Number of protein chains: 2
Amino acid sequence: MTPDTTTRTTFRSVQADIVRRITNGPWGPGTLLPTEADLAREFHCSRATINRALREIADLGLIDRRRKSGTRVRLAPVRQARFDIPLVRAEVEATGSAYRYALVSQNVLPAPDALRAQLNLAPDAPVLHLVCVHYADGAPWQLEDRWINPAALPQATAQDFSNRGPNEWLVATVPFSEVEISFQAIAATDLQVAHLNHRPGDPVFCVKRTTWWQDAAITHAVLSYRPGHRMTARY
Amino acid sequence: MTPDTTTRTTFRSVQADIVRRITNGPWGPGTLLPTEADLAREFHCSRATINRALREIADLGLIDRRRKSGTRVRLAPVRQARFDIPLVRAEVEATGSAYRYALVSQNVLPAPDALRAQLNLAPDAPVLHLVCVHYADGAPWQLEDRWINPAALPQATAQDFSNRGPNEWLVATVPFSEVEISFQAIAATDLQVAHLNHRPGDPVFCVKRTTWWQDAAITHAVLSYRPGHRMTARY
DNA sequence: ATAGTCTTTATGTCTATACATAAGGAACAG
DNA sequence: CTGTTCCTTATGTATAGACATAAAGACTAT
């Protein structure tokens with residue numbers, strides 16, 4: 001248990017040791033940890049090193065830190081899963097498949113009520129609606145049902161999306177300040193049946209994403225995947 | 001553009017400024033950023049402050065940092081979504097609902113082939129199989145279909161799960177070194193129809209989680225949710 | 001009791017400095 | 001031309017010391 005003094009103390013070794021004590025050692029859920037100063041003395045290192053170790057452990061969700069109260073092991077460790085959200089092109093090419101893109105439709109129309117609420121648009125505000133399909137080795141991979149707010153992004157209306165997906169154009173063009181992303185299972189609609197090899201009512205894995213820039217909603221997209229798609233993370 | 005010198009320079013302000021320059025300013029994709037030393041001079045702060053700001057921006061996935069080569073804005077920002085994975089109890093109580101737990105069945109049986117592959121078990125290895133339901137205000141919220149490897153966790157067989165969910169027992173009892181978690185949409189099976197208010201074939205949002213401790217598979221769980229469930233994150 | 005104020009304390013952050021380490025690039029040898 | 005060695009450089013990390021800040025707890029006046 002005595003820290004090694006022959007090798008240089010690194011924040012990673014401190015971190016690993018503390019995590020060990022929390023997960024299978026003496027510091028069970030609810031335990032109040034020693035202060036940074038005490039730990040620094042114990043590990044023969046500076047407080048900054050302890051601070052960094054503890055800060056990262058807190059990031060993982062294992063401990064809670066509060067000024068004056070100190071550092072406490074969480075009762076229920078709120079572990080977080082991190083999912084990479086790549087561009088579809090990268091996602092497809094990562095599987096070793098050839099990527100192809102196709103634009104299905106593009107038009108400007110008054111915003112449907114549900115979308116108006118989601119993007120906080122004025123009544124009768126026009127929106128740009130795009131439907132496109134992303135293919136992996138010729139088979140449909142993802143259907144992109146996208147709405148862009150032309151009030152926030154006037155250039156979008158004049159843009160040509162026949163060769164390049166709107167998402168690729170957006171990430172390269174528009175900064176964003178906030179994104180909300182949600183995963184859910186829905187029953188296949190006509191659009192998904194027509195483009196994704198689904199049968200009507202099939203379970204479809206779907207990602208809905210809304211993006212804002214400085215309090216203005218930029219775009220909302222419904223990305224639905226081919227049958228059997230999973231989104232995986234390890235930690 | 002000149003940094004503010006009247007107020008104290010904080011790594012957060014540096015960070016915000018640099019992110020601004022990347023997202024809507026002069027530092028487009030592929031740009032090589034000035035070195036930490038140069039930025040420290042520009043922002044009138046120490047290199048440690050710049051380092052922390054850049055390190056966190058790299059964590060977000062906006063930039064790539066390499067020794068000697070320097071810091072470069074990523075071509076395709078690999079944004080990551082972080083999802084909290086709370087205990088069901090916490091998840092339900094966070095919605096303001098009353099949590100209730102029920103054990104549906106508990107028995108030891110030979111592992112089905114698919115599970116044997118997933119957990120890397122010996123042929124005919126026995127596993128503990130549990131089915132339980134988590135309720136929010138009396139309505140079913142989540143169905144937990146869990147398999148525990150008694151070879152890795154002998155105490156599990158003797159444990160009483162009638163009042164406390166296996167997940168709560170597991171997180172409080174077993175450390176883990178690795179978790180794989182995946183989200184997908186499946187068609188409702190008999191089990192989900194019986195316990196979750198689904199109709200047969202309905203789309204069900206489902207989370208599959210496998211947990212290892214020191215190369216031994218501990219447990220595998222299929223968590224399926226009530227109709228309409230979404231998993232949401234912002235960043 | 002109760003509300004407001006002060007003290008104490010643990011974490012949060014910044015600084016200056018030092019050394020470690022990965023990796024690009026130049027110099028060199030074959 | 002090709003591979004090896006060495007130098008240089010940007011990031012990575014540790015340290016001591018200082019001050020900032022949130023918040024618990026004590027103390028005080030009503």
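Note that the coordinates shown come from a computational prediction; the quantities given were computed from them, not determined experimentally. Here is the naming used below: chain letters follow the sequence lines, and residue numbers restart at 1 for every chain.
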**OP:** Send over the distance from L33(B) CG to dT9(D) P, rounded to a whole Å.
**Re:** 20 Å

Subject >> Which nucleotide in dA23(C), dT11(C), dT11(D) has an atom nearest any side-chain atom of T35(B) >> reply: dT11(D)

Subject >> Under-4.0 Å side-chain N/O to phosphate OP1/OP2 contact, R52(A) with dG12(D) >> reply: no

**OP:** Round to a whole Å and report the spacing from CG of D38(B) to P of dT9(D).
**Re:** 13 Å

Original post:
To the side chain of T49(A), which of dT13(D), dA23(D), dT15(D) is closest?
Top reply: dT15(D)

**OP:** Counting heavy atoms from C-beta on, name the nucleotide in dG24(C), dC14(C), dT11(C) closest to the side chain of T71(A).
**Re:** dT11(C)

Original post:
Is any side-chain N or O of R65(B) closer than 4.0 Å to OP1 or OP2 of dA10(D)?
Top reply: no

Subject >> Options dT15(D), dA22(D), dA23(C), nucleotide nearest the side-chain atoms of C45(A) >> reply: dT15(D)

Original post:
At under 4.0 Å between heavy atoms, what does R47(A) touch on the DNA or RNA strands: base, sugar-phosphate, or nothing?
Top reply: base

Original post:
Hey, is the side chain of R67(B) pairing donor to acceptor with the base of dT21(C) inside 3.5 Å?
Top reply: yes

Subject >> Spacing between D59(B) atom CG and dG12(D) atom P, to the nearest angstrom >> reply: 11 Å

**OP:** Could you please spell out the steps behind the side-chain hydrogen bond (donor to acceptor under 3.5 Å, both in side chains) verdict for Y99(B) and E93(B)?
**Re:** CA-CA 6 Å; Y99(B) 171 76; E93(B) 286 171 350; over 6 Å; no

Original post:
Do any N or O atoms from the side chain of S69(B) and from the backbone of R66(B) form a donor-acceptor pair under 3.5 angstrom?
Top reply: no

Original post:
If only atom types and distance count, is the side chain of N149(B) paired as donor or acceptor with the main-chain N or O of A217(B) below 3.5 Å?
Top reply: yes

Original post:
If you pin R55(A) and G70(A) to their nearest nucleotides in DNA chain C, which one's is more 5'?
Top reply: G70(A)

**OP:** Decide side-chain hydrogen bond (donor to acceptor under 3.5 Å, both in side chains) for Q118(B) and T210(B); before the verdict, give the C-alpha distance in whole Å, the side-chain angles of both, and the deciding distance to 0.1 Å.
**Re:** CA-CA 8 Å; Q118(B) 176 80 25; T210(B) 310; 2.9 Å; yes

**OP:** Using a cut-off of strictly less than 4.0 Å, decide whether T10(B) has a side-chain nitrogen or oxygen near OP1 or OP2 of dC14(C).
**Re:** yes

**OP:** Round to the nearest Å and state the distance from I63(B) atom CD1 to dG12(D) atom C1'.
**Re:** 14 Å

Original post:
Going by distance alone, is a donor N or O of one side chain under 3.5 Å from an acceptor N or O of the other, for T31(B) and R72(B)?
Top reply: no

